[in-house]
Amino acid sequence: MDLLSIFSFVGFTALVAVIAWYATRKTNEKSADGYYLGGRSLGAITIAGSLLLTNLSAEQIVGLNGQAFTEGVLVMAWETLAAIAMVITALWFLPKYMRRGITTIPEFIQGRFDENTKAILSILFLIAFGIVLLPTILFAGSKAFITMFDLPELLGVPERATYWICVWSIGLIGIVYAIFGGLKAVAVSDLINAIGLLIGGLLIPVFGLMLIGDNSVSDGLSTLWADNQDKFDVVGGPTASIPFSTVFTGMMIAQMYYWGTNQSILQRVFGAKNLAEGQKGMMLAAFVKFLIPVIVVLPGIIAWHLFGSELSDADAAYPELVKRVLPPSLLGFFAAVLFGAILSSFNSLLNSSATLFGFDLYKKFFNKGATEMQTVKAGKFFGLGLAIISMSIAPFIGNAPSLFGYIQEALGSLSVPILAVVVIGILTKKVPALGAKVVLIVGVLMYLVSQFMMAPMIRENAITTAVESGTTDTAELALIEAGAYPHFLHIMGILFVVNIIIMLVIGMIKPKTEAYVPKITEVIDTTPWKYAFAVGALITLLVLSTYLIF
């Protein structure tokens, strides 16, 4: 790492911090709306930037490019189909949420069901944040920096120790932003880093294609396309991480959970000045999301072309490509932008955790008469504790075979029942709180039993039987293993239907005595954006056309 890289890294990081402080200096962070929702003052562009940076972090850039390195363009489904889920959220979920003036999704669940259902949901969200998302973000960010800058050699310490140093350094800085800054500081820094990440992220494939095409991007693209046709097929085979059929089952379940019910995402939109700004922000983010595969998929294929089988760790493909193709003068800038993206996702989740604990758990179980200031303070302390737990878990995430695959499969246990409860809560009037509680507990257990008990056992038995019968071909054994049990995305689709049926049956057997009537509390203007449907339809057509092309 040369002095210019260090200077550009420190300079850009400091600039973001100063701008975030300046933009938030007049926001009352001691009130709940001020700390948790930025005073409900966010505009469309700020919301879009914050949504993208909350979603797009090191685990996404490093993990998805790692999958593209081994499997190709088919993994773009995680990005392109997200745009459709964001359109549905903007058009259908947002108006229903924002007319109720809610701060959290569990708050919506309380209004529809009861306080105990809300508490269960909040706990599930916090488990997902603390055990899955926060540790993965920290580990992926550390992996990027360790690979790009050869930190074990630079620091003169073993690689395992370097992970601990990176994880705790990133985590401590993130704590300062999230716990002491509030949502507006997070959102403003997100916007700046989003611009930097888009610029820096686009430079990687450009320089990579120039390297392939002898300083010509078009020649590099032609060579990449001609030499790697198998990497540009969206129809994954039976052993692929995303078989094409999953697009019609669990893939959209995962997307709708993330963009339509996930607190850390929707909190950005709940901070909007009005519904129209929230819808504009989500539509703008959806359009950019449609283009994001250029940043999170294409570099992985470029890395495969350049490195091939010489790189044994697929998750190291992206940081290795960055190190090889970026000029030293830009390496520090890109490191700062990536650092900002890591911090963004980390502190966004911490801020949402503080919100969930303060609003949904602290006032119910610990201090029913708590003032807003006491609630905010309790949320900050909880966020600090959750950050320390996640920082302690993060270095061990490296044992997972695929970063991105680990996130999606682990979150399936929560996404299926949570989405089912929210959808039924919106669509029905007489399904009782009992139905929601049963699904939130039993739904999680069914998925965990399926994926972490039944699936390994059945697959192992299938492999053992095949080997005993004389099968030794590796490819054939992989097919047998993949076909022995349904893909986890298919399981998500199946269990979503099962959870819906469970709630409807309970609603028929023991319905609410009084039909649910939504309480409208319009704390902001909830007039929809008049172009929302037309823009949403255009984005959906763009996504579908991409699949037709490939």
Side-chain angles (χ1 to χ4, degrees), residues 81-82 84-86 88-89 91-94 96-97 100 102 104-129 132 246-266 356 360 408-452 486-512 515-516 518:
L81 294 177
I84 296 179
M86 294 164 82
I88 295 170
T89 298
L91 294 176
W92 192 62
F93 282 104
L94 279 190
K96 291 173 172 56
Y97 291 151
R100 292 164 172 79
I102 60 172
T104 68
I105 294 299
E107 188 182 340
F108 163 76
I109 292 300
Q110 177 186 357
R112 172 59 182 86
F113 296 108
D114 62 17
E115 271 195 324
N116 290 327
T117 309
K118 178 183 78 166
I120 294 170
L121 186 61
S122 297
I123 291 168
L124 290 180
F125 273 130
L126 292 172
I127 290 171
F129 292 170
V132 180
T246 61
V247 170
F248 306 100
T249 57
M251 173 61 77
M252 285 311 298
I253 302 296
Q255 299 286 10
M256 288 312 309
Y257 155 77
Y258 187 84
W259 296 103
T261 67
N262 187 343
Q263 176 64 26
S264 67
I265 287 294
L266 288 172
L356 288 169
D360 301 335
Q408 300 304 332
E409 187 163 7
L411 285 183
S413 61
L414 306 176
S415 58
V416 173
I418 289 174
L419 181 62
V421 167
V422 172
V423 169
I424 288 296
I426 291 173
L427 291 179
T428 67
K429 306 297 181 187
K430 287 207 166 186
V431 172
L434 175 64
K437 291 171 188 171
V438 168
V439 161
L440 287 176
I441 296 171
V442 175
V444 171
L445 293 176
M446 283 193 299
Y447 183 89
L448 292 175
V449 169
S450 168
Q451 292 311 108
F452 302 106
H487 191 277
F488 81 88
L489 286 172
H490 286 318
I491 293 295
M492 286 175 64
I494 293 166
L495 290 182
F496 179 74
V497 174
V498 170
N499 288 334
I500 292 287
I501 292 171
I502 289 172
M503 292 189 72
L504 292 177
V505 169
I506 292 174
M508 292 171 62
I509 296 171
K510 195 174 182 181
K512 286 170 66 76
Y516 166 68

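Along the sequence shown, residues are numbered consecutively beginning with 1.
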Q: Just do the side-chain contact (heavy atoms from CB on, under 4.5 Å) check on M503 and V438 with the steps written out, would you?
A: CA-CA 8 Å; M503 292 189 72; V438 168; over 6 Å; no
Q: Any salt bridge (charged side-chain N to carboxylate O under 4.0 Å, His left out) involving residues 432-442? Give me the pairs, sequence neighbours left out, ordered by first then second residue.
A: D114-K437
**Q.** Nearest heavy-atom neighbours spanning P518 and R100
**A.** CB-NH2, 3.2 Å
Q) Closest approach of Y97 and G260, non-hydrogen atoms and distance? A) OH-O, 2.7 Å
Q: Quick one: which residue pairs count as a side-chain hydrogen bond (donor to acceptor under 3.5 Å, both in side chains) with a foot in residues 438-450, not counting sequence neighbours?
A: S450-Y485
Q: Sorted by first residue and then second, give each side-chain hydrogen bond (donor to acceptor under 3.5 Å, both in side chains) pair with at least one member in residues 488-512; sequence neighbours left out.
A: S245-H490, T249-H490
Q: With side-chain contact (heavy atoms from CB on, under 4.5 Å) as the test, would you mind laying out the steps for Y257 and I265 before giving the verdict?
A: CA-CA 10 Å; Y257 155 77; I265 287 294; over 6 Å; no
Reported [atom1]-to-[atom2] distance for the pair [X] and [Y], which is rounded to 0.5 angstrom:
| X | Y | atom1 | atom2 | result |
| --- | --- | --- | --- | --- |
| I491 | E409 | CD1 | CD | 10.0 Å |
| F113 | I120 | CZ | CD1 | 11.5 Å |
| H487 | M251 | NE2 | CE | 8.0 Å |
| I105 | L266 | CD1 | CG | 4.5 Å |
| F496 | I253 | CZ | CD1 | 4.5 Å |
| F129 | N262 | CZ | CG | 5.0 Å |

Q: Go through the steps for Q255 and I84 under the test side-chain contact (heavy atoms from CB on, under 4.5 Å), then give the verdict.
A: CA-CA 9 Å; Q255 299 286 10; I84 296 179; over 6 Å; no
Q) Where do F488 and Q408 land on the side-chain contact (heavy atoms from CB on, under 4.5 Å) test, with the steps shown first? A) CA-CA 9 Å; F488 81 88; Q408 300 304 332; 3.9 Å; yes
Q.
Any non-hydrogen side-chain atom of M256 less than 4.5 Å from a side-chain atom of F93?
A. yes
Q.
Which residues pass the side chain to side chain donor-acceptor pair (under 3.5 Å) test with E107, not counting sequence neighbours?
A. none
With a 3.5 Å cut-off and sequence neighbours excluded, list the donor-acceptor pairs that the side chains of residues 412-435 form with protein atoms.
from, atom 1, to, atom 2, distance (Å)
S413, OG, A410, O, 2.9
S415, OG, L411, O, 3.2
T428, OG1, R112, NH2, 3.0
T428, OG1, I424, O, 2.7

Q: Apply side-chain contact (heavy atoms from CB on, under 4.5 Å) to V505 and list each qualifying residue two or more places apart in sequence or on a separate chain.
A: I501, I509
